[in-house]
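Every number for a ligand or one of its atoms is a count from 1 in the order of the listing. Sequential numbering from 1 along the given sequence is applied to the chain's residues. Everything numeric here is computed off the predicted structure, so don't read it as measured data.
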Amino acid sequence: MSFAIAIDGPAASGKGTLARRIAEHYGFHHLDTGLTYRAVAKALLDRGAPLDDEALAADIAAALDLSVLDRDVLSSHVFGEAASKVAVMASVRRALVESQRRFSQRLPGAVLDGRDIGTIVCAQAPVKLFVTATPDVRAGRRAMEMRRNGDETSYDAVLQDLKKRDARDMGRKDSPLRPAHDAHLLDTSEMDIEAAFRAAKRLIDTALSDRDGH
Ligand code: C5P
């Protein structure tokens, strides 16, 4: 039987780092579902197509191969912005959710992180985490990460940008960003990755032993 772990939260909340750490510890597959929206956005930009060409975007989404998502290329800021525009289109979401659901059934288990994993993609997941941090902390982390990659964007610009993206992700009609009713909230504002991992591990170990009947 497969075992899915759903991790949601806003940009730069620490959910991706946590998801990778969990997947590595348990030997589970990991999918950063943000990359799937970014890949569709990049394909549209590469073709010079408008980001709201829903028919083309849905075709690209339906044909997307999850095994070739390149984090280094897709992590660029322009694709994040473009992805949050592509992500408002219902037919794009339908196509991507279908392949994300298939991924979540991989054995022995799968960790998926995104915005709608606990609410839509894996609504039956035995473990759901909603990872948050204050906008200030998130902007600080993101600005530092960008400086490490040689991008000198100011903290204020990053903060404004995150707030805009949060508003778009939380305000959209289809699958808005929000915690599932049965998600565990994890505020990482004053927590490092190991502390967040320890909190998650307690929940996961309990769910795994419940599944195995002891
Ligand atoms: O997490 P990341 O910054 O890579 O996501 C890029 C954008 O893709 C998000 O701002 C959001 O609009 C969209 N997204 C989504 N649902 C997901 C993952 C990402 O709508 N499950």
(message) To the nearest 0.5 Å, what is the distance between NE2 on H25 and CG on D205?
(response) 6.0 Å

(message) Taking the ring of F130 and the ring of H184, is the distance between their centroids below 6.0 Å?
(response) no

(message) Hydrophobic clusters here meaning ILVMFWY residues chained together by side-chain heavy-atom distances under 4.5 Å, can you tell me if L208 and F197 are in one?
(response) yes

(message) Using only atom types and a distance under 3.5 Å, with no angle test, would you say the side chain of R172 pairs donor to acceptor with the backbone of S175?
(response) yes

(request) Please determine which of R141, R142, R148, R147 meets the salt bridge (charged side-chain N to carboxylate O under 4.0 Å, His left out) test together with E145. (result) R142

(message) Give the residues near ligand 1 by chain and number, with the criterion being a heavy-atom distance under 4.0 Å.
(response) K15, T33, G34, Y37, R38, A83, S84, A87, R93, G114, R115, D116, R165, D169, R172

(request) Decide whether L18 and V127 are clustered together by the hydrophobic rule: side chain heavy atoms of Ile, Leu, Val, Met, Phe, Trp, Tyr closer than 4.5 Å, transitively. (result) yes

